[in-house]
Every structure is written in structure tokens, then in C-alpha cells.
Protein chains: 2
Amino acid sequence: MGRQMTEMLKGTLEGIVLALLTGKPAYGYEITTLLRGQGFTEIAEGTVYALLVRIEQKGLVDVEKRPSEKGPPRKVYSLNKQGEKELDEFWNTWSFLSERLEHLRKEGK
Amino acid sequence: MGRQMTEMLKGTLEGIVLALLTGKPAYGYEITTLLRGQGFTEIAEGTVYALLVRIEQKGLVDVEKRPSEKGPPRKVYSLNKQGEKELDEFWNTWSFLSERLEHLRKEGK
DNA sequence: TCCACTACTTAGCGCTACTATGTACTAGTA
DNA sequence: TACTAGTACATAGTAGCGCTAAGTAGTGGA
């Protein structure tokens, strides 16, 4: 992963995962796969699991353990009310930053 | 500063400062003021100076010391070739992330 | 004398992504 | 049987960056 991308993901990766979770619960391995499919090819597995532990401890998701046919049991995460609120705030923060940056990019040319 | 914004600024603040520096050299105090004017009202002074030390050590900027009528001498930073290259890469990284996020935002609604 | 503004510096902290490694279960295959 | 690959989760240690807090230094005005 590039140095820049690594730093830029700080703060945004959590929002990305919360966004992935809206409406459709998912488990860690699945989320990692989803992220890779979205172009985040170099996200480390460990990063995702650590993030999931974090958002669970913050109370942003509900967790349910379900057996898998193909390996150890899955931990399925679903966004709860507090998670939705956090996601809302994330989009607000993102919008602000995004607007400032687009403004800067135009100015600079 | 909000927790989310603090984390999101990691990686982007450097790009923002490099962008501010394109074409028009500036010194630390001035950059802090510029940022506040752009809406980043809560950026800590120390954060900016530490960032400037970093980009200088990375060789992204040239520095010139100039006397001030109103206080200690100013350290004026100007973007050099390497800084321009870094800024280019920053915009690439930003574009990727920005596109992924806008895509996610639309999908979610 | 005191305060406000200008201008820069730095030690220590918290948070987050990464690296690396490990455990555990299933199914296919040599 | 033993090995491999794929599925699935966990975690200790590291590095980078923004923040807090506190400091130094110079000018000018109340």
C-alpha cells in the first residue's frame, strides 16, 4: 500500500466499512473481499478485523455468530442506530473535506 | 476538532498545504491563517509547524528565512520539483478515494 | 507594566493502518 | 495419509500523523 493511501485511509476506512454495511449485514472475510473488489486491493486482512473489533466496541454494529459450511464460524456485523448516526456524521465530515479539496484543486490550475 | 475530522485529515492535510503552496510561497503563520480562512478553523498551530518540518525534511519544499516587521523572522516555504511530484501523486490518490466514496454514497441511497 | 498579536518550536499522547504470525475448519488431491 | 488451498478470525508490535500543551521571541499599543 502506498504511504499516501495508508495515511488517507485513516478515518475514511471506518466510514467505508460502515457504508458497506448499510442495509446488508456482512462478516469480516466478506468485507475484505468486498473492499478488494472495490479497488482497495491491498487492504490487509488484519486491518479489517481490527477495525471490526473497534466499531463493535464503540457500539456501532450488532454482531451475530453464524456457522459456515467452509470453515470457522462467521461473525456477521450489522449497522445499528448508533452506527447509522456515525455514518451520517462521517458523510458530513467527508463532504466538508471533499468540497474544500475540490475547491483547492480548481484554484491551483 | 472532531474525532472524525482529525483522523480524516491524516494524509490529506499534507496535500492541502502543498496545494496552498503551489505558485505562492508562504510561511507557517500565514499558512495557519489561510487554513483557518478556508474553513479549517480548528487546526492547531503546532500541527502546521510540525507538518512543515516534515515536508522540509522530505525535501518537498525550499526554505528561506526573511525578517518580519512584526515579530521573529519568518520561514518562507516554496514548493520545489519534488514537492510538485508529491502533490501530483496526492491528487491521484485523492481522486481514487474520492471516486470510490462517491460511488458508495450513491449506492447506499 | 501588561496585554495582544505575530511567529516559530517541541515533548508526549492517542488513534489508526500495516506487518507478521498464528489458530481453526473444510475439501480436494497426490 | 499427508499436503495444499481456501475460508475465517485474532492479535502483538510498529510507524505515521494530528492534537494538546507549553514554551521562546519580537513588536506595538493601552
Side-chain angles (χ1 to χ4, degrees), chain A residues 1-18 25-36 40-58 60-61 63-77 86 90 93 97, chain B residues 1-18 25-36 40-58 60-61 63-77 86 90 93 97:
Chain A
M1 180 82 55
R3 180 189 60 83
Q4 279 185 341
M5 185 57 92
T6 290
E7 289 308 320
M8 241 185 260
L9 279 177
K10 292 182 181 177
T12 57
L13 189 55
E14 180 180 304
I16 292 170
V17 170
L18 293 179
Y27 54 96
Y29 190 81
E30 189 183 6
I31 292 170
T32 305
T33 310
L34 279 171
L35 285 169
R36 301 226 165 112
F40 299 101
T41 52
E42 295 174 280
I43 299 266
E45 256 199 295
T47 298
V48 176
Y49 288 111
L51 189 154
L52 290 173
V53 167
R54 234 158 47 224
I55 62 176
E56 182 186 354
Q57 281 169 351
K58 286 201 240 175
L60 308 179
V61 287
V63 189
E64 196 193 342
K65 211 160 210 165
R66 287 196 213 147
S68 162
E69 331 75 48
K70 293 185 165 186
R74 297 164 173 167
K75 281 178 76 177
V76 179
Y77 295 83
E86 180 81 1
F90 169 77
T93 308
L97 196 59
Chain B
M1 182 79 56
R3 181 189 59 83
Q4 280 186 340
M5 185 58 93
T6 290
E7 290 307 321
M8 238 185 260
L9 280 176
K10 291 183 181 178
T12 57
L13 188 56
E14 182 180 304
I16 291 170
V17 170
L18 293 179
Y27 54 96
Y29 191 80
E30 189 183 8
I31 292 169
T32 305
T33 309
L34 279 172
L35 286 169
R36 300 225 164 114
F40 299 100
T41 51
E42 294 174 281
I43 298 266
E45 257 199 294
T47 298
V48 175
Y49 288 110
L51 189 154
L52 290 172
V53 167
R54 231 157 51 223
I55 63 177
E56 182 185 356
Q57 281 170 352
K58 287 200 240 176
L60 307 180
V61 286
V63 189
E64 195 192 342
K65 210 159 209 166
R66 285 194 214 150
S68 161
E69 331 77 46
K70 292 186 167 187
R74 297 165 173 166
K75 283 177 75 177
V76 179
Y77 295 84
E86 181 81 1
F90 168 77
T93 308
L97 196 57

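This one's a predicted model, so the numbers in the text were calculated from it and none came from an experiment. A, B, ... follow the sequence lines: proteins, then strands. Residue 1 opens every chain.
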Protein N or O to nucleotides 27-30 of chain D N or O, pairs below 3.5 Å:
none

Contact under 4.0 Å: A:R3 side-chain N or O vs D:dA15 OP1/OP2:
no
Counting only heavy atoms from other residues, nucleotides and ligands, does the tally under 6.0 Å from NZ of A:K58 exceed 12?
yes
So B:L13, base contact, sugar-phosphate only, or nothing? Heavy-atom distance under 4.0 Å.
sugar-phosphate
N/O to N/O distances under 3.5 Å, protein versus nucleotides 9-12 of chain D:
| unit_1 | atom_1 | unit_2 | atom_2 | d |
| --- | --- | --- | --- | --- |
| D:dC9 | OP1 | A:K75 | N | 2.5 |
| D:dC9 | OP2 | A:G28 | N | 3.3 |
| D:dC9 | OP2 | A:Y29 | N | 2.6 |
| D:dC9 | OP2 | A:Y49 | OH | 3.1 |
| D:dA10 | OP1 | A:K75 | NZ | 3.3 |

A:R54 vs C:dT16: side-chain N/O to OP1/OP2 distance below 4.0 Å:
yes
Minimum heavy-atom separation for A:I43 to A:R36, with atom names?
O-NH2, 2.6 Å
Is there, by distance only and without an angle test, a donor paired with an acceptor across the side chain of B:K10 and the base of C:dC15 below 3.5 Å?
yes
How far apart are the C-alpha atoms of A:L13 and A:F40, what are their side-chain angles, what is the distance that settles it, and do they pass the side-chain contact (heavy atoms from CB on, under 4.5 Å) test?
CA-CA 10 Å; A:L13 189 55; A:F40 299 101; 5.9 Å; no
Mind checking whether A:E56 and A:K75 have side chains closer than 4.5 Å, heavy atoms only?
yes
Tell me: CD of B:Q4 to C1' of C:dT16, nearest whole Å?
14 Å
Distance from A:F90 atom CZ to B:E7 atom CD, nearest 0.5 Å?
12.0 Å
d(CG, A:L60; P, C:dT16) in whole Å
11 Å
Among C:dC18, D:dT20, C:dT16, the nucleotide that comes nearest once only the side chain of B:A44 is considered:
D:dT20
Identify the two heavy atoms, one from B:E14 and one from B:I55, that lie closest to each other, and give their separation to 0.1 Å.
CG-CG2, 3.9 Å
Please give, in whole Å, the distance from C:dA7 P to B:E64 CD?
15 Å
Given side-chain hydrogen bond (donor to acceptor under 3.5 Å, both in side chains), test B:E86 with A:Q4 step by step and report yes or no.
CA-CA 9 Å; B:E86 181 81 1; A:Q4 279 185 341; 3.3 Å; yes
Answer yes or no: is there an ion pair linking B:R74 with B:E30, defined by an N-O contact shorter than 4.0 Å?
no
